[in-house]
**Student:** 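Dropping the structure in here first, questions after.
Bear in mind that the values here come from a model prediction, so they are computed numbers and not experimental data.
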Amino acid sequence: MTTSGVLYLFGSAAPPVFDIARVVQDARARGFDVCLGLTPTAARWLAPQLAELERLTGHPVRSEYKMPGEPDVWPKADVIAVAPATFNTINAWALGITRDFVVGVIAEGIGKSIPMVAMPCVNAAYVRHRQFERSVAELRLMGVRVLYGEGGFVPNQPGRGKPKEYPWHLILDAAQEAAGAK
């Protein structure tokens with residue numbers, strides 16, 4: 001098996017995150033060494049699965065900052081994939097609001113020139129908020145490949161989401177491309 005490098009896979013609290021174990025398996029089958037990070041709410045949603053996710057990845061699942069002076073428990077990232085990325089995660093990232101571990105790592109990742117790909121998971125009501133489009137545009141200007149719109153995630157009407165149809169393969173394809181281009 002060829003190695004694609006170290007993938008930081010970061011998930012937010014949107015229904016497709018419940019399929020993250022399958023996504024980790026798919027990423028590993030593509031040759032990635034996967035380190036899984038979750039927003040605090042996503043970690044709470046997946047609490048019953050965290051031990052299994054750590055077994056699948058071979059690394060601790062992280063959702064909180066480490067204490068100053070503690071060693072980093074993950075290898076350095078070759079590529080970062082953020083999916084599902086909620087309205088809150090996209091906006092906080094673009095605005096540099098790093099209250100949560102995941103957003104802190106991805107905000108810093110821009111300055112470290114780590115290749116990054118993101119795929120939102122938001123409903124059509126959220127995208128009508130003007131800040132969302134601004135945030136997507138800002139992330140793209142900073143070099144993040146955002147899979148949103150044609151060829152990426154297309155929002156559904158509120159309450160009509162189809163989490164099982166979330167196009168996970170697109171984020172893994174993009175991560176593989178980004179890792180190969182590095």
**Student:** Write down the atom of Val105, the atom of Ile80, and the distance for their closest heavy-atom approach.
**Tutor:**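 In terms of heavy atoms, the two residues are closest at CG1-CD1, 4.4 Å.
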
**Student:** Return the minimal non-hydrogen interatomic distance between Ala94 and Met142, and the atom names on each side.
**Tutor:**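 Closest pair (atom of Ala94, atom of Met142, distance): O-CE, 4.1 Å.
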
**Student:** Between Glu138 and Arg134, does at least one N-O distance fall below 4.0 Å, as a salt bridge requires?
**Tutor:**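 No, this pair does not count.
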
**Student:** Please examine the side chains of Pro75 and Asp33, heavy atoms only from C-beta on, and report whether any two atoms are closer than 4.5 Å.
**Tutor:**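 Yes, side chains in contact.
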
**Student:** What are the two closest non-hydrogen atoms of Ala179 and Ser4, and how far apart are they?
**Tutor:**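 Heavy atoms of Ala179 and Ser4 come nearest at CB-O, 3.5 Å.
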
**Student:** Do we see a donor-acceptor contact under 3.5 Å between the side chains of Asn91 and Ser135?
**Tutor:**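 Asn91 vs Ser135: donor-acceptor pair found between side chains.
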
**Student:** If I compare all heavy atoms of Val154 with all of Gly149, which pair ends up nearest, and what's the gap?
**Tutor:**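 The pair with the smallest heavy-atom distance is CG2-O, 3.7 Å.
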
**Student:** Looking at every non-hydrogen atom in both residues, tell me the closest pair between Ile106 and Met116 and how far apart they are.
**Tutor:**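 Scanning both residues completely, I find the closest heavy atoms to be O-CE, 3.4 Å.
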
**Student:** Should Arg30 and Asp26 be marked as a salt bridge (Lys or Arg N to Asp or Glu O under 4.0 Å) after you check the CA-CA gap, both sets of side-chain angles, and the distance that decides it?
**Tutor:** CA-CA 6 Å; Arg30 291 170 182 243; Asp26 290 351; over 6 Å; no

**Student:** Just so I know, are the side chains of Pro120 and Phe87 near enough to count as touching, which here means a heavy-atom distance under 4.5 Å?
**Tutor:**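 In short, these two side chains do not touch, never coming nearer than 4.5 Å.
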
**Student:** If you measure from SG on Cys121 to CZ on Phe153, what distance do you get to the nearest 0.5 Å?
**Tutor:**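 Between atom SG of Cys121 and atom CZ of Phe153 there are 4.5 Å.
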
**Student:** Is the closest side-chain heavy-atom distance between Val82 and Val117 below 4.5 Å?
**Tutor:**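 Result no, sub-4.5 Å side-chain heavy-atom pair not found.
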
**Student:** Give the ring-plane orientation class for Trp45 versus Phe18, where under 30° counts as parallel, over 60° as perpendicular and anything between as tilted.
**Tutor:**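 Taking Phe18 first and then Trp45, their aromatic rings lie parallel (interplane angle under 30°).
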
**Student:** So, taking the atom named CD in Glu64 and the one named CG in Asp100, what distance separates them when rounded to the nearest 0.5 Å?
**Tutor:**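 Answer for the CD-CG pair, Glu64 versus Asp100, is 10.0 Å.
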
**Student:** Could you check whether any side-chain N or O of Glu54 sits under 3.5 Å from a backbone N or O of Pro60, counting only pairs where one atom can act as donor and the other as acceptor?
**Tutor:**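 Pair absent, no side-chain N/O of Glu54 close to backbone of Pro60.
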
**Student:** Can you tell me how far CZ of Phe101 sits from CG of Leu38, rounded to the nearest 0.5 angstrom?
**Tutor:**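 It comes to 9.5 Å.
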
**Student:** Is there a side-chain contact between Val73 and His59 (heavy atoms, below 4.5 Å)?
**Tutor:**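 The answer is no; the side chains never approach within 4.5 Å.
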
**Student:** Give the intermediate values and the outcome of side-chain contact (heavy atoms from CB on, under 4.5 Å) for residues Tyr8 and Asp78.
**Tutor:** CA-CA 8 Å; Tyr8 284 10; Asp78 292 302; over 6 Å; no

**Student:** At what distance, to the nearest 0.5 angstrom, does CD1 of Ile20 lie from CD of Gln25?
**Tutor:**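 Interatomic distance, Ile20 CD1 to Gln25 CD, rounded to 0.5 Å: 11.5 Å.
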
**Student:** I'd like to know whether Thr39 forms a side-chain contact (heavy atoms from CB on, under 4.5 Å) with Ser63, so could you lay out the CA-CA distance, the side-chain angles of the two residues, the decisive distance to 0.1 Å, and finally the verdict.
**Tutor:** CA-CA 6 Å; Thr39 62; Ser63 61; over 6 Å; no

**Student:** In Å, rounded to the nearest 0.5 Å, how long is the span from CH2 of Trp74 to OG1 of Thr57?
**Tutor:**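 Taking CH2 in Trp74 and OG1 in Thr57, the distance rounds to 8.5 Å.
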
**Student:** Does the pair Tyr148 and Phe132 meet the rule for a side-chain contact (heavy atoms from CB on, under 4.5 Å), with working shown?
**Tutor:** CA-CA 11 Å; Tyr148 170 68; Phe132 183 76; 3.6 Å; yes

**Student:** Answer yes if the side chains of Tyr65 and Glu70 hold a donor-acceptor pair under 3.5 Å, and no otherwise.
**Tutor:**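 No, no side-chain donor-acceptor contact under 3.5 Å.
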
**Student:** List for me each residue that meets side-chain hydrogen bond (donor to acceptor under 3.5 Å, both in side chains) alongside Ser12, sequence neighbours excluded, and say none if there are none.
**Tutor:**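 Ser12 satisfies side-chain hydrogen bond (donor to acceptor under 3.5 Å, both in side chains) with Thr89 once adjacent residues are dropped.
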
**Student:** Any heavy-atom pair between the side chains of Lys76 and Val6 that's under 4.5 Å?
**Tutor:**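 A side-chain contact is absent here, since even the closest heavy-atom pair is not under 4.5 Å.
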
**Student:** Applying side-chain contact (heavy atoms from CB on, under 4.5 Å), run through Ile97 and Val103 and close with a yes or a no.
**Tutor:** CA-CA 7 Å; Ile97 301 170; Val103 178; 5.7 Å; no

**Student:** Just by distance, do the side chain of Arg28 and the backbone of Leu56 share a donor-acceptor pair under 3.5 Å?
**Tutor:**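 A pair under 3.5 Å: yes.
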
**Student:** For Thr41 and Ala13, which heavy atoms make the closest approach, and how far apart are they?
**Tutor:**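 Here Thr41 and Ala13 meet closest at CG2-CB, 3.5 Å.
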
**Student:** Heavy-atom distance under 4.5 Å between the side chains of Pro155 and Asn123, does that happen here?
**Tutor:**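 Answer no - side chains too far apart.
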
**Student:** Please examine the side chains of Pro15 and Tyr166, heavy atoms only from C-beta on, and report whether any two atoms are closer than 4.5 Å.
**Tutor:**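 Not touching, per the 4.5 Å side-chain cut-off.
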
**Student:** With salt bridge (Lys or Arg N to Asp or Glu O under 4.0 Å) as the criterion, how do Asp72 and Lys66 come out once you've worked through the C-alpha distance, each side chain's angles and the decisive distance to 0.1 Å?
**Tutor:** CA-CA 8 Å; Asp72 202 340; Lys66 65 182 182 65; over 6 Å; no

**Student:** CZ/Arg145 to CE/Met119 distance, rounded to the nearest 0.5 angstrom?
**Tutor:**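 One finds 10.5 Å between CZ of Arg145 and CE of Met119.
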
**Student:** With a 4.5 Å heavy-atom cut-off, do Gln131 and Leu95 have their side chains touching?
**Tutor:**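 When only atoms from C-beta onward are counted, Leu95 and Gln131 do touch, with a gap below 4.5 Å.
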
